[in-house]
Undergrad: 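Sharing a structure with you now.
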Amino acid sequence: MVQRFAFVLILLSCFSLVYCNTEIINFVVEDDVSSLEPNQISAELSAGANEIESVIILNETVEGRDTGDLWLSLDTGGSWNAYVRFTLRISWAASYPTDFSISLYNPTDASLERVKYAHIHAVHSGVFTPPVERTLEPLRVPFTVILEPLVFGVLPLSVQPVLVCLGVVVLGAVLVTPKIHAVLAKIAMEARKETVLKAMRRK
């Protein structure tokens with residue numbers, strides 16, 4: 001039963017993503033990954049601001065591919081100290097044929113225990129029609145990125161209200177169903193008695 005509800009919650013949490021592409025990476029705060037310091041951090045995600053909308057610029061490389069990179073700082077401290085598992089989710093419109101990938105790194109400063117750096121790499125995956133000439137303008141791909149804790153290590157925090165709502169519904173069903181069943185059983189019993197009495201009267 002619990003597994004079924006968890007599955008429903010995961011589906012509900014993905015409803016907002018059905019019209020776009022998504023790249024997700026789940027991680028644990030204590031994950032032992034490589035350490036480095038990015039040259040430039042584009043934005044910071046934290047409990048106070050866990051969602052941003054941004055644009056990644058894809059420039060043509062010598063190999064003829066259009067790629068882009070940016071770095072994010074992920075602060076899992078503050079009001080999120082009670083959580084150890086997190087999910088980082090990138091979503092972008094399907095009308096932008098792009099492949100995103102995410103790599104995580106630890107800071108070189110060991111005191112930043114609940115901070116990670118996310119390297120986002122994007123590659124244009126579309127095919128330019130031969131009659132259409134490439135413009136010199138770089139490709140710009142808008143995207144949304146969200147960082148949030150995983151409740152019970154599985155469910156994103158944003159679906160917690162849905163979990164509470166389902167819990168109330170299930171509890172109400174558990175409490176009300178026996179009473180409804182008892183009333184219906186009483187009605188059925190009375191109906192059977194009337195049927196028996198009518199049959200006896202006819203005889």
Side-chain angles (χ1 to χ4, degrees), residues 2-3 6-7 9-10 12-14 16-17 20-63 65-93 96 98-125 138-164:
V2 175
Q3 291 178 343
F7 178 71
L9 289 173
I10 293 173
L12 290 174
S13 69
C14 296
S16 61
L17 306 175
C20 60
N21 295 321
T22 307
E23 180 69 19
I24 300 174
I25 185 171
N26 298 331
F27 64 93
V28 179
V29 174
E30 296 85 0
D31 277 347
D32 186 16
V33 295
S34 301
S35 301
L36 58 75
E37 289 296 325
N39 293 327
Q40 182 179 2
I41 295 177
S42 300
E44 178 181 278
L45 295 174
S46 63
N50 72 317
E51 178 178 350
I52 61 169
E53 294 182 357
S54 186
V55 174
I56 190 167
I57 299 175
L58 308 183
N59 294 291
E60 188 174 8
T61 64
V62 292
E63 293 84 6
R65 305 178 67 190
D66 295 273
T67 66
D69 299 89
L70 59 80
W71 289 84
L72 301 176
S73 176
L74 313 178
D75 185 358
T76 62
S79 60
W80 283 349
N81 278 332
Y83 300 97
V84 295
R85 294 182 179 275
F86 290 81
T87 182
L88 182 66
R89 181 171 69 246
I90 299 176
S91 57
W92 66 100
Y96 292 90
T98 309
D99 292 330
F100 278 81
S101 61
I102 308 171
S103 301
L104 296 180
Y105 297 88
N106 285 327
T108 55
D109 185 351
S111 64
L112 301 175
E113 296 179 354
R114 296 192 65 91
V115 173
K116 285 201 179 329
Y117 297 131
H119 174 220
I120 298 176
H121 180 67
V123 180
H124 178 68
S125 58
L139 301 175
R140 303 172 65 87
V141 181
F143 68 96
T144 300
V145 59
I146 300 175
L147 172 69
E148 56 183 334
L150 292 174
V151 181
F152 306 125
V154 178
L155 301 174
L157 184 62
S158 57
V159 305
Q160 194 169 27
V162 180
L163 177 64
V164 174

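Just so you know, residue 1 is the first one in the sequence shown, and it goes up from there.
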Undergrad: More than 12 heavy atoms of other residues, nucleotides or ligands under 6.0 Å from CD of Glu113: is that the case?
TA: no
Undergrad: Locate the shortest heavy-atom distance separating Ala47 from Gly77; write the atom from each residue and the value.
TA: CB-O, 4.5 Å
Undergrad: Looking only at atom types and distance, does a side-chain atom of Asn50 sit under 3.5 Å from a main-chain N or O of Leu147, one as donor and one as acceptor?
TA: yes
Undergrad: Find out whether Ile41 and Tyr117 are in side-chain contact, i.e. whether some heavy atom of one side chain is under 4.5 Å from a heavy atom of the other.
TA: yes
Undergrad: Ile90 versus Thr144: any side-chain heavy-atom pair under 4.5 Å?
TA: no
Undergrad: Is there side-chain contact between Leu88 and Ile146, with at least one heavy-atom pair below 4.5 Å?
TA: no
Undergrad: Could you walk me through whether Phe27 and Leu150 satisfy the side-chain contact (heavy atoms from CB on, under 4.5 Å) test, starting with their C-alpha distance in whole Å, then the side-chain angles of each, then the deciding distance to 0.1 Å, before giving a yes or no?
TA: CA-CA 10 Å; Phe27 64 93; Leu150 292 174; over 6 Å; no
Undergrad: Please report the shortest heavy-atom distance between Ile56 and Ile120, naming the atom on each side.
TA: CD1-O, 4.3 Å
Undergrad: Output yes when a side-chain donor or acceptor of Asn81 lies under 3.5 Å from a complementary backbone atom of Gly78, and no otherwise.
TA: yes
Undergrad: Just jot down the side chain to side chain donor-acceptor pair (under 3.5 Å) partners of Thr87, sequence neighbours excluded, or say none.
TA: Asn26
Undergrad: Which value, rounded to the nearest 0.5 Å, describes the distance between Phe86 atom CZ and Leu157 atom CG?
TA: 9.5 Å
Undergrad: With a cut-off of 3.5 Å and sequence neighbours excluded, list every side-chain donor-acceptor pair involving residues 103-112.
TA:
residue : atom : partner : partner atom : Å
Asn106  : OD1  : Lys116  : NZ           : 2.6
Asn106  : ND2  : Asp31   : O            : 3.4
Asn106  : ND2  : Val33   : O            : 3.4
Thr108  : OG1  : Glu37   : OE2          : 3.0
Asp109  : OD1  : Ser111  : N            : 3.0
Asp109  : OD1  : Ser111  : OG           : 2.7
Asp109  : OD2  : Ser111  : OG           : 3.1

Undergrad: Is the CZ atom of Arg114 crowded by more than 12 outside heavy atoms at less than 6.0 Å?
TA: yes
Undergrad: How long is the straight-line distance from CD of Glu51 back to OG of Ser91, given to the nearest 0.5 Å?
TA: 8.0 Å
Undergrad: Take Leu72 and Val145 through the test side-chain contact (heavy atoms from CB on, under 4.5 Å) and record every step on the way to the result.
TA: CA-CA 10 Å; Leu72 301 176; Val145 59; 4.0 Å; yes
Undergrad: My understanding is that only residues two or more places apart in sequence, or in another chain, count here; which of them pass side chain to side chain donor-acceptor pair (under 3.5 Å) with Asp99?
TA: none
Undergrad: Strictly by salt bridge (Lys or Arg N to Asp or Glu O under 4.0 Å), give each pair with a member in residues 142-157 just once, sequence neighbours left out.
TA: Arg89-Glu148
Undergrad: What pair of heavy atoms forms the shortest contact from Ser73 to Val115, and how long is it?
TA: OG-CG1, 3.9 Å
Undergrad: List for me each residue that meets ring-ring contact (aromatic ring centres under 6.0 Å, His included) alongside His121, sequence neighbours excluded, and say none if there are none.
TA: none
Undergrad: Roughly how far apart are Leu74 CG and Trp71 CH2, rounded to 0.5 Å?
TA: 11.0 Å
Undergrad: Within the 4.5 Å heavy-atom criterion, are Pro156 and Val151 side-chain neighbours or not?
TA: no
Undergrad: Do Leu58 and Val141 come close enough that some side-chain heavy atom pair is under 4.5 Å?
TA: yes
Undergrad: Considering residues, nucleotides and ligands other than Glu30, do more than 12 of their heavy atoms fall under 6.0 Å from its CD?
TA: yes
Undergrad: Could you grab the distance from atom CG of Leu70 to atom OG of Ser42, nearest 0.5 Å is fine?
TA: 4.5 Å
Undergrad: Only counting residues at least two apart or in another chain, list the ones meeting ring-ring contact (aromatic ring centres under 6.0 Å, His included) with Phe100.
TA: Trp92, Phe143
